[in-house]
Amino acid sequence: MFLAPILVAAALPALAAAAVPSLNVPACPSKGSVSYNKSVPDLGPFPLTQVDVCYDSTAIHITFTAHNETNFFVNPNFTTNDPIYEYTAMETFISRTTNDPTTYLEFEIAPNNVTFQAFIYNPSKVSGQDTFYITTPIDDGLTATTTVDKPAGLWVSAVRIPLGLFNVDDGQAKGTQWRMNFFRIITSPKTFPDQFYGAWSPTPGSPANFHQTAELGHITFV
Ligand SMILES: *[C@@H]1O[C@H](CO)[C@@H](O)[C@H](O)[C@H]1NC(C)=O
Ligand SMILES: *[C@@H]1O[C@H](CO)[C@@H](O)[C@H](O)[C@H]1NC(C)=O
Ligand SMILES: *[C@@H]1O[C@H](CO)[C@@H](O)[C@H](O)[C@H]1NC(C)=O
Ligand SMILES: *[C@@H]1O[C@H](CO)[C@@H](O)[C@H](O)[C@H]1NC(C)=O
């Protein structure tokens, strides 16, 4: 009885550390795949979301698959680097490091194929402090293709992210280690601006805050 609080206190850091998932990512065309179906921060039911990752000699390839999307609700006026995270989006944070990163790429895509891409400087590791936009993503080879099947409730975006953004030279990706997380944001005309969130590695606390870099999963390119 009296021991219980001590046991709980001792167990929490271990549980938190164990809760951060990891993934081995092979060279394309093989893929490392994750899926998630829990909401953030409540860990309630969330529409199934899959992410497939592989690398080739020049880029990381990420395919985001949203099942059971019902509204596909976007702001049609938004274009590159507008705040698409206010509507419906899937996204990743990526850093080529093994520690909890202070700088990482935030890449997001909406069901209408509009993208947001910026490096985030987050020295507190819990709240982005500055945003460095990538202003010419297509020229940089940061490209995406999106297919939407509304009757099937399905939305797939396949994204190419150059290795050079992370100081990985062409052909040198094998063996590199990364921190990444994957997120999905859902909203609808009825609920906007309220949103429903899901994540591969759920971030704690309410309101939901994805910018907690301790929660980024561990990725190894094998
Ligand atoms: C959610 O995912 C878990 C495993 O990741 C699985 O066991 C469970 O059946 C899934 N639930 C639904 C509703 O898809
Ligand atoms: C979710 O989507 C899957 C296929 O993508 C489908 O089999 C399932 O019935 C859907 N569930 C709901 C609740 O719509
Ligand atoms: C998009 O722009 C048009 C024209 O300015 C405006 O009428 C409309 O309300 C805007 N839509 C949204 C969702 O902001
Ligand atoms: C999406 O944007 C990319 C550029 O990132 C473009 O090549 C593609 O044609 C666009 N449209 C679709 C439907 O994917």
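Order of listing sets the numbers, starting from 1, for every ligand and every atom in it.
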*Any chance the rings of Y85 and F210 have centres within less than 6.0 Å?*
no
*Counting only heavy atoms on the protein side, is anything nearer than 4.0 Å to atom 11 (N) of ligand 3?*
yes
*Could an N or O of ligand 1 be found under 3.5 Å from any N or O of N37, whether backbone or side chain?*
yes
_Checking a contact table here: which protein heavy atom is nearest atom 6 (C) of ligand 4, and how many Å away?_
A144 O, 3.7 Å
*asked:* Please classify the T147 to ligand 4 contact at 4.0 Å (heavy-atom distances, strictly less than): side chain, backbone, both or neither.
replied: neither
*Look at atom 8 (C) of ligand 3 and say whether a protein heavy atom is found at less than 4.0 angstrom from it.*
yes
*Would one find an N or O of T146, backbone or side chain, under 3.5 Å from an N or O of ligand 4?*
yes
*Only one of Y121, Y104, F183 forms a ring-ring contact (aromatic ring centres under 6.0 Å, His included) with H211, so which one is it?*
Y104
_Shortest protein contact, atom 2 (O) of ligand 4 (heavy atom only)_ = N113 ND2, 2.3 Å
_Please say yes or no: joined through hydrophobic side-chain contacts below 4.5 Å, possibly via intermediate residues, are I109 and L165 part of one cluster?_
yes
*Check whether any side-chain heavy atom of P111 lies under 4.5 Å from a side-chain heavy atom of V74, and answer yes or no.*
yes
*Any idea which protein heavy atom is nearest atom 1 (C) of ligand 3, and the distance to it?*
N77 ND2, 1.5 Å
*Can you find a protein heavy atom closer to atom 14 (O) of ligand 3 than 4.0 Å?*
yes
*Are Y36 and F182 close enough that their ring centres sit under 6.0 Å apart?*
no
*Kindly indicate whether the side chain of T213, heavy atoms from C-beta on, has any atom under 4.5 Å from the side chain of T102.*
no
_ligand 4 atoms in contact with T143 (distance to a heavy atom under 4.0 Å)_ = 5 (O)
*Ring centres of Y87 and F78 under 6.0 Å apart?*
yes
